[in-house]
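Below is one structure, written out as C-alpha cells; the observations come after it.
Basis for what follows: all heavy atoms, side chains included, without hydrogens, waters or symmetry-related copies.
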Amino acid sequence: MNDKVDKLVIFLAKRDGIDKLVKTFQYVSKLLVWRLETTNPNVAGRAKQCEVASGLSRKAFRYGRFLTGFNALRRNPGPTPTYRFLSVFANAGEMVYFFFDHFLWLSRTGTLDVTLAKRMSFISAFGESLGYVFFCVIEFMMIKEGIEEERRIRSLTSESKENDKEIKKIKVDRVMRLMAVAANVADLIIGLAEIEPNPFCNHAVTLGISGLVSAWAGWYRNWPS
C-alpha cells in the first residue's frame, strides 16, 4: 500500500489519528491567537474559538481511553520486574489523566458544575505528568537495550543479511521511541503549565510549540507504514 490517500484514510480512521489532526488545529490556533491578538483582534477571536472547540472535541474523542492503560497492565505489564514496576506508575498516571478528563469535558460543556473544571484539570494534568515521566524512563531503558543489542550484532565477525535486517529493525524502533519521548516531554510541559503555572510553561509560544511537537510526533508514529 503506497498510495498516500489510502494511508491518510487509514490514519484518520484511527482515534489517535484524528486526535493528532485536531490537536494540530488546536495549537496552530493558539499560536495564531498569540500572533494576532494585538494586530487583528477579529481573526484572533475566531482562532480562539477554533482552539477551544478543538480542545473540547479531543476530550470527547478520548472517552473511554483510560481503559487502554488498564488493558496494558492486564495484558503486557513488561518483561522484567523493573519494567512492570515502571509500567504500573506510567499506566496508572495515564489512567488518572484520561478518567478525570471525562469530568473536565463534562464540566466545560456545562453538563456538570463549571466550578469543577479547575479541580478536574489539576488532577488530570497531575496524572498525565506522572505517567509521562515514567513512560520516558521506560523508553530510555529500551533505547539503551537496543543500542547494546546493535553493538553486539556489529561485533560479530560474520556479516549476513539477517544481521543487517536486525540492525535496521533496531534503528527504526529507536526512532519511534525517540518520537515517543519527544511527545511525552512536550505533553509534560503542557501538564506542568496546569500544575505549577510559570512564565515559561504558560507562555503561548511554549504551549503552542509543545502541542505541535506532540501532535506531529504522534502523527509520525501512527502513520501507516
Keeping the roles fixed (side chain from [X], backbone from [Y]), state whether a donor-acceptor pair exists under 3.5 Å.
X	Y	answer
Asn202	Asn198	yes
Arg177	Phe140	no
His102	Tyr63	no
Ser214	Gly211	no
Asn91	Ser87	yes
Asp113	Leu116	no
Ser57	Ala53	yes
Ser210	Ile190	no

ask   = Does a donor on one side chain sit under 3.5 Å from an acceptor on the other, for Lys23 and Ser54?
value = no
inquiry  = Does either side chain, that of Thr82 or that of Thr80, offer a donor lying less than 3.5 Å from an acceptor on the other one?
reply    = no
For the residue pair [X] and [Y], what are the closest heavy atoms and their distance?
X	Y	value
Ser107	Ala117	OG-N, 3.1 Å
Cys201	Leu192	SG-CB, 4.2 Å
Gly127	Val96	CA-CG1, 4.0 Å
Glu194	Ser121	CD-OG, 3.0 Å
Arg15	Phe61	CD-O, 2.8 Å
Phe66	Phe98	N-CB, 3.6 Å

Measuring from atom [atom1] of [X] to atom [atom2] of [Y], what distance do you get when rounded to the nearest 0.5 angstrom?
X	Y	atom1	atom2	value
Leu21	Trp219	CG	CH2	5.0 Å
Met176	Ile143	CE	CD1	12.5 Å
Leu36	Leu31	CG	CG	10.5 Å
Ile18	Lys14	CD1	NZ	13.0 Å

ask   = Relative to the ring of Phe134, is the ring of Phe89 parallel (under 30°), tilted (30 to 60°) or perpendicular (over 60°)?
value = parallel
key: Parallel, tilted or perpendicular: ring planes of Phe126 versus Phe122, cut at 30 and 60 degrees   =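 It falls in the parallel class, under 30°.
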Set of residues satisfying ring-ring contact (aromatic ring centres under 6.0 Å, His included) with respect to Trp216, sequence neighbours excluded =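 For Trp216, no residue satisfies ring-ring contact (aromatic ring centres under 6.0 Å, His included) once neighbours in sequence are set aside.
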query = Any salt bridge between Glu148 and Arg152, counting N to O under 4.0 Å?
reply = no
ask   = Between Asp173 and Lys169, is a salt bridge (Lys or Arg N to Asp or Glu O under 4.0 Å) present by the stated rule, with each step listed?
value = CA-CA 6 Å; Asp173 181 73; Lys169 184 179 177 182; over 6 Å; no
message = Run the salt bridge (Lys or Arg N to Asp or Glu O under 4.0 Å) test on Asp164 and Arg154 for me, step by step, so that the C-alpha distance in whole Å, both residues' side-chain angles and the decisive distance to 0.1 Å come before the verdict.
response = CA-CA 9 Å; Asp164 290 339; Arg154 289 186 185 278; over 6 Å; no
message = Test side chain to side chain contact (heavy atoms under 4.5 Å, CB included) on Glu150 and Lys171; report intermediate values, then the result.
response = CA-CA 9 Å; Glu150 183 181 347; Lys171 287 182 176 180; 3.5 Å; yes
